[in-house]
Participant: 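First the structure, which I've put down as structure tokens, then a few questions once you've had a look.
So you know, we letter chains A, B, ... as the sequences are listed, proteins then strands, and number each from 1. Keep in mind it's a predicted model, so treat the numbers as computed, not measured.
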Amino acid sequence: MYCYVILDSKSRFLDKSFTYHIPDKIKNKIKKGMRVIVPFGKGNKNTIAFVYDIVENIDDDFETKDIVEIIDSKALVDDELINLAFFMNKRYLSPLRSCIRQVLPAGNIKEIKEYFYKTENLDKNDNLYHIFESKKSLDDLLNKYDINKDILDKYKDKGLIDSYFDINSNQKINYQIFVSLKENFDDSKISKNAKKQKDIINYLRENKEVEYKKLLSKTKSSKNSFDALVKKNILNIRKIEVNKALVKDSERYDKFILNDEQNLAFRKIMENPDSSYLLKGVTGSGKTEVFLQVVEENLKKGKDSIILVPEISLTPQTIERFQGRFKQKIAIMHSRLSQKERFQQWRMIKNGEVKIVVGARSAIFAPFKNLGLIIIDEEHDKSYISSQDPKFHTDELALFRRAYNKATLIFASATPSIKTMTKTLDGEYNLLELKNRVNGKLPKVHIVDMREELKNSNYSMISSLLYEKINEKLKRDEQVILFLNKIGHNSFTFCRHCGYVIKCEACDVSMTYHKNVSKLVCHYCGRTKNQPTICPSCGSKKIKEFGAGTEKLEEEIKELFPKAKVIRMDSMTAKDKSTYNSMYKNMKDNKVDILIGTQMIAKGLDFDNVTLVGIISADLSLNIDDYTAYETSFELLTQVSGRAGRADKKGEVIIQTYRPDNFVINAASKNDYQGFYNYEIESRKAFEYPPFVDLITIKILDKSRIKCMDISKKIKYYLDLEYEKDREIKIIGPNPCKISRINNKYRYNIIIKLKDEKLEEISDFLIRLKNYFINKSKDTSILVALNPSDIN
DNA sequence: AGCACGCCGACT
DNA sequence: GTCGGCGTGCTC
């Protein structure tokens, strides 16, 4: 017998399957999903590996080594999730290890320990009773108590003891490593040839303390030279912990009686739970109550539920409702939990201690054994497409798990994505509609032509109508939300004399002025610069900011409405969860009159007292050069508008635009989803974009532009060789990415358009091609994605 | 990533 | 010669 394993190693060169022989004595103990120790490399170093498959025979011609031993006595993950990992590997062309990692419990796989404890079957007179009275880790049992694995297995088989997984409570979280020189170091031992080591020392002399990765890249040196210096006792190393998070209790949330529409949707789902649904409901139509009742039914059947929300920012209020309703423990899964916390949530789910998980896209991997329901709320949201490896689409994984478990799958949105709507019209999902708001009123929408404002000499960001309306609402003590899709003070700084634009030194983008830190900031790499007073190119003093962001808007508003309490919510001000939560609470408690925000506030925030929403510039997202620009804009405008008038007060929306005739803006203002869909689907068809074709993007990144271009051309050459004659496959590029350089790495892309039945054929070829180039050129990154949310 | 191999310049 | 640095290639 042989098994296929993935090594626990970070190197991308080892990101592939290895085959080991299973010695007879562990043959009947080893299972898929367990960790094992294997001899690896020339020194046969003992390495942790994950078994993803077991086979009787292999026909490969390489020699196989024997597995040393099994680490776990039961599988960390079951077949469903292992299969899901391979599904991702194949479909999204993502590195195999990243796919396996995704379905494994979070955190360092080495830190996961198996703990043994007694069951009620263990007799008090058993001579091992005292040992298992309290839980013991496998390590301790083997080393301190001198109990061998055979005894453990025997006891376990008889049901006298059981085990579970945990990680060390003193487990270390993420570290950033800072390096400096020791005070009285002795550099006499450094040979004259060690140029790199001297570079490092000199760099540290100038910069005192430097972050490890930065140090290596700045001095262009390798880990080799660094390690040599550590050995010679020259460097000080300081580690700093990053990130933290928490979970809390919530108030009772009582059950509502469903209205007719809600009830119809609910009944249809319950009639046929083994299928998929699209619940299309206008904002404020009470989708959440339908979810809650479906989950309740699912709980009655003893089944588990996964509820997905687009952003971490939405989890607190969703959790509040589910916890408030069901009065039971609910697991949370999202990216801002620490490794330890994530592991604890994973363990609760795995051990069956919870039946409900609420979370962002990664919660789709919740290791439930009896999954009965998956809900994807705000289904259209881009965050359901992962932009890191594995670059999965949550809807596709949900379909996979739904089919495997014969579960119910519900997509929900006021503005379904083109993809989901098309599948619904094709009959793949059943359509359920909630056409009316619970309180019966949709907001009234006004479109303001900003060109007219300019003609009337109003140069501010606020039109006269918006100004009037804000005043009116403030007088009535109602709340206002202003939406602007751009953070910072200004979009860029440029010279009125020569046209010079301040750009980031490491990226091909202009820098944004942030007044609170009075610096220019690059939103791609985080570098900052002082705002110059004279133009670095021509020396003119006419260098100034241009365009406006949320920070500038906040200033204008404070000037226009000095008495109003204003807060600004964007990725700069609401960086961590606690500030976000306090802003949310202040808004809810009516301590804020005007909320200014970006994308962040478009998603499902419900404030009963908000009666006016102002969209400062509806055009911004329309101009993005991406085939999804119209779809995203329509969603955004509709969602933001939906923030107005959620309770019994009537809401109003003001959309400011320079393009009042634009189709998307008009459709959004009339809440005309169908009109929008019909228009957009035609254009996707005409220009051959998803859902009519699949796009595979290949991004090539390298510090040298020449090398980047060279490798890109070679990849294109091989692709052409294979597919040039195939009329179902189009290969575009290589072209420089729209942002042609980020963090000093040049970026090229190749885009492949293909009919989806060709995907399988091309993906095998692409994986081989990618591996070939990765092994050939170590400093080049090659990133492949299927239908990414951002093709640039 | 970790390790061996082999090339190269600098020093005995 | 010979030693250490450093680039390259391989790992079931």
Participant: Please state how far atom CG in A:Asn46 lies from atom C1' in B:dA1, giving the value in whole angstrom units.
Facilitator: 16 Å

Participant: Between A:Tyr115 and A:Lys135, is there a cation-pi geometry (under 6.0 Å to ring centre, at most 45° from the normal)?
Facilitator: yes

Participant: Taking atom types as they are modelled, is there a donor-acceptor pair under 3.5 Å from the base of B:dA1 to the side chain of A:Ser9?
Facilitator: no

Participant: Would you indicate which nucleotide in B:dG2, C:dT11, C:dC6 comes nearest to any side-chain atom of A:Phe18?
Facilitator: C:dT11

Participant: When you get a sec, tell me which of B:dC3, C:dC12, B:dA1 is the closest nucleotide to the side chain of A:Leu14?
Facilitator: B:dA1

Participant: Which sits closer to the 5' end of DNA chain C, A:Lys42 or A:Glu63, going by the nucleotide each is nearest to?
Facilitator: A:Lys42

Participant: Nearest whole Å is fine: how far is C:dC12 P from A:Ile37 CD1?
Facilitator: 16 Å

Participant: Is the A:Phe765 ring parallel, tilted or perpendicular to the A:Tyr723 ring (thresholds 30°, 60°)?
Facilitator: perpendicular

Participant: So A:Tyr404 and A:Phe400, would you call those rings parallel, tilted or perpendicular, with 30° and 60° as cut-offs?
Facilitator: parallel

Participant: Establish whether the base of C:dC12 is bridged to the side chain of A:Thr19 by a donor-acceptor pair shorter than 3.5 Å.
Facilitator: yes

Participant: With side chains defined as the heavy atoms from C-beta onward, is the minimum distance between A:Ile100 and A:Phe86 less than 4.5 Å?
Facilitator: yes

Participant: In whole angstroms, how far is the P atom of C:dC12 from the CG atom of A:Asp66?
Facilitator: 13 Å

